[in-house]
Engineer: 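One structure, pasted below without further comment.
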Amino acid sequence: MIKTFPGLLEYFVVTYSKKEAGYSGETLRSYYASVEQYVHWLKDNEQVPASQLDASYFNKGRIRSFLMHLEADRGISIPTRNLRRAGIVAFLAFASDMCPVYTNAYLEAKSIKIKKAPESKKDFLTIEEYKAMLECVDITKRNGFNHYLLISIMYDTAARVDEAVNMNLEDFTFGKESSVIIFGKGSKYRRVYLASHTVKLVKEFKQITGRETGALFLNRSNERISDSGIDHILKKYSAKASETMATLRSKIISPHVLRRTKASHMLLNGASLPVIQRFLGHASIVTTQKYLELGSDAMTKAIEKAGELLFSGNDQNCAVSSWKEQNVLQRLKGLAK
């Protein structure tokens with residue numbers, strides 16, 4: 001049985017989180033970052049290396065001091081603070097199962113209250129704003145075509161960023177009803193049907209690249225793109241589009257915003273909440289209601305323009321890593337030094 005802190009952390013990251021708990025890459029990275037930052041904080045404040053840590057260093061007082069340090073000294077937001085708390089609690093819950101001496105540490109950490117944060121702004125793109133982003137992409141260039149494909153697929157499928165990162169060419173099926181199988185949150189699969197313009201893009205991409213299998217989205221090093229890489233691409237084109245579309249200047253565009261945009265457009269075009277719920281892969285329809293923020297002024301105004309169509313009846317014609325396991329191991333080794 002693994003009992004040392006470095007051993008527990010390595011098993012938590014490399015084996016338990018994905019193979020047993022089924023955490024997404026995004027969740028795992030967040031949880032690991034929480035423990036990693038706490039370990040570095042202990043080393044800086046108490047001169048205790050990771051190799052000497054045990055359950056006694058995960059008491060309520062220390063964890064609360066760490067969380068206050070993140071807010072006061074590092075300037076992180078309340079939601080990020082709560083994520084760091086959640087990451088530490090998740091690790092200690094695992095550690096207490098593996099090694100009962102961590103049980104009290106887990107219970108103490110769990111008792112730390114989640115700090116209430118102001119309601120976050122739930123941006124989504126109007127149809128005009130989304131079209132403005134696409135129009136900024138130069139599809140005559142290979143990278144431009146790839147970026148156009150990425151934006152189109154993320155919008156059309158409303159994929160979470162981790163789902164997009166892990167999307168493979170063999171996940172797509174073409175026929176009378178073309179679709180893609182998405183491996184989503186909670187290790188659940190869902191089938192998402194594709195619009196005709198997206199089907200054309202994927203087929204053209206396969207023809208251009210000569211690829212039939214493997215990661216759909218690659219970076220410049222021909223490796224599977226990372227979530228930060230996707231975020232960078234979206235921000236790049238939203239910044240370009242904001243030069244002519246002034247309303248984009250007040251919005252921070254992220255993969256999550258693009259996902260909410262698709263769901264909002266579905267609602268505006270008459271899709272029911274249960275349909276949107278299944279499309280997004282939400283376990284509860286209540287989550288979908290909150291996600292769309294149905295009572296907001298922005299949504300009310302958008303609904304008033306629900307008659308507008310995204311492509312005005314015309315398909316768009318084209319002329320033409322993620323955080324890795326190896327990276328985890330390197331960081332784990334760094335902590336153990």
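The chain is numbered in sequence order, starting from 1. Side chains are part of it too, since the values below use all heavy atoms of this structure and drop only hydrogens, waters and symmetry mates. Being a predicted model, the structure only gives us computed values, none of them experimental.
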Engineer: Just verifying a value: how many Å separate L216 CG and D171 CG, rounded to the nearest 0.5 Å?
Structural biologist: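 The CG atom of L216 sits 8.5 Å away from the CG atom of D171.
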Engineer: Between Q52 (side chain) and P49 (backbone), is there a donor-acceptor pair under 3.5 Å?
Structural biologist: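 Not a single qualifying donor-acceptor pair exists.
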Engineer: Do you know which two heavy atoms are closest between A105 and A55, and how far apart they sit?
Structural biologist: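 Looks like CB-O, 4.0 Å.
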Engineer: Pair F217, V165 - check side-chain contact (heavy atoms from CB on, under 4.5 Å), show working.
Structural biologist: CA-CA 7 Å; F217 303 123; V165 165; over 6 Å; no
Engineer: If you count heavy atoms of other groups shown closer than 6.0 angstrom to CG of L107, is the number above 12?
Structural biologist: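 More than 12 within 6.0 Å, yes.
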Engineer: Quick one: pull up CZ in R64 and CD in E108 and give me the separation to the nearest 0.5 Å.
Structural biologist: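 The distance works out to 10.5 Å.
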Engineer: Which heavy atom of A109 sits nearest a heavy atom of I63, and at what distance?
Structural biologist: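 For A109 and I63, the tightest heavy-atom pair comes out as CB-CD1, 3.7 Å.
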Engineer: Using atom types as modelled and distance alone, determine if a side-chain donor or acceptor of K235 lies under 3.5 Å from a backbone N or O of I253.
Structural biologist: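 Yes: the side chain of K235 pairs with the backbone of I253.
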Engineer: To the nearest 0.5 Å, tell me how far S264 OG sits from L125 CG.
Structural biologist: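 Going from the OG atom of S264 to the CG atom of L125 covers 9.0 Å.
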Engineer: Between D44 (side chain only) and W41 (backbone N and O only), is there a donor and an acceptor less than 3.5 Å apart?
Structural biologist: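 The answer is no, because no donor-acceptor pair under 3.5 Å joins these two groups.
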Engineer: Does Q207 have more than 12 heavy atoms from other residues, nucleotides or ligands lying within 6.0 Å of its CD?
Structural biologist: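 For Q207, atom CD is not crowded (no more than 12 foreign heavy atoms under 6.0 Å).
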Engineer: Would I112 and I76 show up in the same hydrophobic cluster when neighbours are defined by side-chain heavy atoms closer than 4.5 Å?
Structural biologist: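 I112 clusters together with I76.
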Engineer: Checking Y57 against Y38 for the ring-ring contact (aromatic ring centres under 6.0 Å, His included) test, could you report, in this order, the C-alpha distance in whole Å, the side-chain angles of both residues, the deciding distance, and whether it holds?
Structural biologist: CA-CA 10 Å; Y57 286 96; Y38 182 66; 9.0 Å; no
Engineer: Is there a donor in the side chain of H265 and an acceptor in the side chain of Y130, or the other way round, less than 3.5 Å apart?
Structural biologist: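 Absent: no donor and acceptor within the cut-off.
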Engineer: Centre-to-centre under 6.0 Å for F5 and F58, is that the case here?
Structural biologist: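 Yes, ring centres under 6.0 Å apart.
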Engineer: Take K206 and E212, measure what side-chain contact (heavy atoms from CB on, under 4.5 Å) needs, and give me the verdict at the end.
Structural biologist: CA-CA 6 Å; K206 292 173 73 173; E212 294 288 337; 2.8 Å; yes
Engineer: Is there a donor-acceptor pair under 3.5 Å between the side chain of S242 and the backbone N or O of A239?
Structural biologist: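 Checking the backbone N and O of A239 against the side chain of S242, a donor-acceptor pair under 3.5 Å is found.
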Engineer: So do M266 and K262 actually touch side chain to side chain, heavy atoms under 4.5 Å?
Structural biologist: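 K262 vs M266: side chains touch.
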Engineer: Does the side chain of D227 come within less than 4.5 Å of R29's, by heavy atoms?
Structural biologist: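 They are in side-chain contact.
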Engineer: Check whether any side-chain heavy atom of R259 lies under 4.5 Å from a side-chain heavy atom of S254, and answer yes or no.
Structural biologist: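 R259 vs S254: side chains apart.
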Engineer: Where is the tightest heavy-atom contact between L67 and R84, given as atom of each residue plus distance?
Structural biologist: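 It is CD2-CB, 4.1 Å.
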Engineer: Any side-chain heavy atom of F91 sitting closer than 4.5 Å to one from Y31?
Structural biologist: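 Not in contact.
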Engineer: Which heavy atom of K115 sits nearest a heavy atom of I78, and at what distance?
Structural biologist: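 Distance-wise, the nearest heavy atoms are O-CG2, 3.5 Å.
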Engineer: Taking CZ in R190 as the centre, count heavy atoms belonging to other residues, nucleotides or ligands within less than 6.0 Å. Is the count above 12?
Structural biologist: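 Yes, because the 6.0 Å sphere around CZ of R190 holds more than 12 heavy atoms from other groups.
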Engineer: Checking the side chain of D156 only, and the main-chain atoms of A195 only, is there a donor and an acceptor separated by less than 3.5 Å?
Structural biologist: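 Yes.
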Engineer: So, taking the atom named CD1 in I153 and the one named CZ in F172, what distance separates them when rounded to the nearest 0.5 Å?
Structural biologist: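 The distance works out to 4.0 Å.
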Engineer: Using 30° and 60° as the class limits, which term best fits the ring planes of F12 and Y16: parallel, tilted or perpendicular?
Structural biologist: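 Taking Y16 first and then F12, their aromatic rings lie parallel (interplane angle under 30°).
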Engineer: Do Y155 and Y193 land in one hydrophobic cluster if side-chain heavy atoms of ILVMFWY residues count as linked below 4.5 Å?
Structural biologist: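 No.
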Engineer: Can you tell me how far OG1 of T140 sits from CZ of F145, rounded to the nearest 0.5 angstrom?
Structural biologist: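 Between F145 CZ and T140 OG1, I get 11.5 Å after rounding to 0.5 Å.
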Engineer: For E177, check side chain to side chain donor-acceptor pair (under 3.5 Å) against everything at least two apart and list the hits.
Structural biologist: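 Expected list: none.
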Engineer: Going from SG on C136 to CE on M245, what distance comes out if it is rounded to the nearest 0.5 angstrom?
Structural biologist: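 C136 SG to M245 CE: 9.0 Å, rounded to 0.5 Å.
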Engineer: Tell me whether R249 at atom CZ has more than 12 heavy atoms from other residues, nucleotides or ligands lying less than 6.0 Å away.
Structural biologist: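 Yes, CZ of R249 has more than 12 neighbouring heavy atoms, counting only those of other groups under 6.0 Å.
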Engineer: Please tell me if the side chains of E71 and S77 come closer than 4.5 Å, counting only heavy atoms from C-beta onward.
Structural biologist: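 Answer no - side chains too far apart.
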Engineer: Are a donor atom and an acceptor atom from the side chains of R160 and N166 found within less than 3.5 Å of each other?
Structural biologist: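 There is no such pair (donor and acceptor under 3.5 Å, judged by atom type) between the side chains of R160 and N166.
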Engineer: Check the pair L8 / M98 against side-chain contact (heavy atoms from CB on, under 4.5 Å), numbers first and verdict last.
Structural biologist: CA-CA 8 Å; L8 284 169; M98 296 289 290; 3.7 Å; yes
Engineer: With the 4.5 Å side-chain cut-off for hydrophobic clustering, are V180 and V275 part of the same group?
Structural biologist: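 Result: yes, single cluster for both.
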Engineer: Are L150 and I230 close enough that some pair of their side-chain heavy atoms sits under 4.5 Å apart?
Structural biologist: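 With C-beta onward as the side chain, the pair touches.
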Engineer: Is V101 reachable from L9 through a run of hydrophobic residues whose side-chain heavy atoms are each under 4.5 Å from the next?
Structural biologist: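 Same cluster: L9 reaches V101 through Ile, Leu, Val, Met, Phe, Trp or Tyr contacts under 4.5 Å.
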Engineer: Is there a side-chain contact (heavy atoms from CB on, under 4.5 Å) between F205 and L169? Walk through the geometry before answering.
Structural biologist: CA-CA 10 Å; F205 174 80; L169 283 163; 4.1 Å; yes
Engineer: Considering non-hydrogen atoms only, spot the tightest contact between L53 and L42 and give its length.
Structural biologist: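 For L53 versus L42, the nearest heavy atoms are CD2-CD1, 3.8 Å.
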Engineer: Verify, without hydrogens or angle tests, whether R85 (side chain) and K110 (backbone) share a donor-acceptor contact under 3.5 angstrom.
Structural biologist: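 Side chain of R85 to backbone of K110, a donor-acceptor pair under 3.5 Å: yes, one is there.
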Engineer: Could you report the tightest heavy-atom contact between L83 and S30, atom names first, then the distance?
Structural biologist: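 Where L83 meets S30 most closely, the heavy atoms are CB-OG, 4.3 Å.
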Engineer: With side chains defined as the heavy atoms from C-beta onward, is the minimum distance between N168 and T213 less than 4.5 Å?
Structural biologist: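 Side chain of N168 against side chain of T213, heavy atoms only: no contact under 4.5 Å found.
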Engineer: Does atom NZ (K188) have a neighbourhood of more than 12 heavy atoms from anything else shown, all under 6.0 Å?
Structural biologist: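 Not buried by this count: 12 neighbours or fewer within 6.0 Å.
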Engineer: Mind checking who shares a hydrophobic cluster with Y189, ILVMFWY linked at side-chain heavy-atom distances under 4.5 Å?
Structural biologist: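 Same cluster as Y189: I181, F183.
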Engineer: Answer with yes or no whether the hydrophobic clustering places I208 together with I139; edges join I, L, V, M, F, W, Y residues whose side-chain heavy atoms lie under 4.5 Å apart.
Structural biologist: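 Yes, I208 connects to I139 through the hydrophobic network.
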Engineer: Is there side-chain contact between L134 and I151, with heavy atoms separated by less than 4.5 Å?
Structural biologist: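 Side-chain contact under 4.5 Å: yes.
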Engineer: Ignoring hydrogens and geometry, is there a side-chain-to-backbone donor-acceptor pair from T288 to L273 under 3.5 Å?
Structural biologist: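 Judged by distance alone, no pair lies under 3.5 Å.
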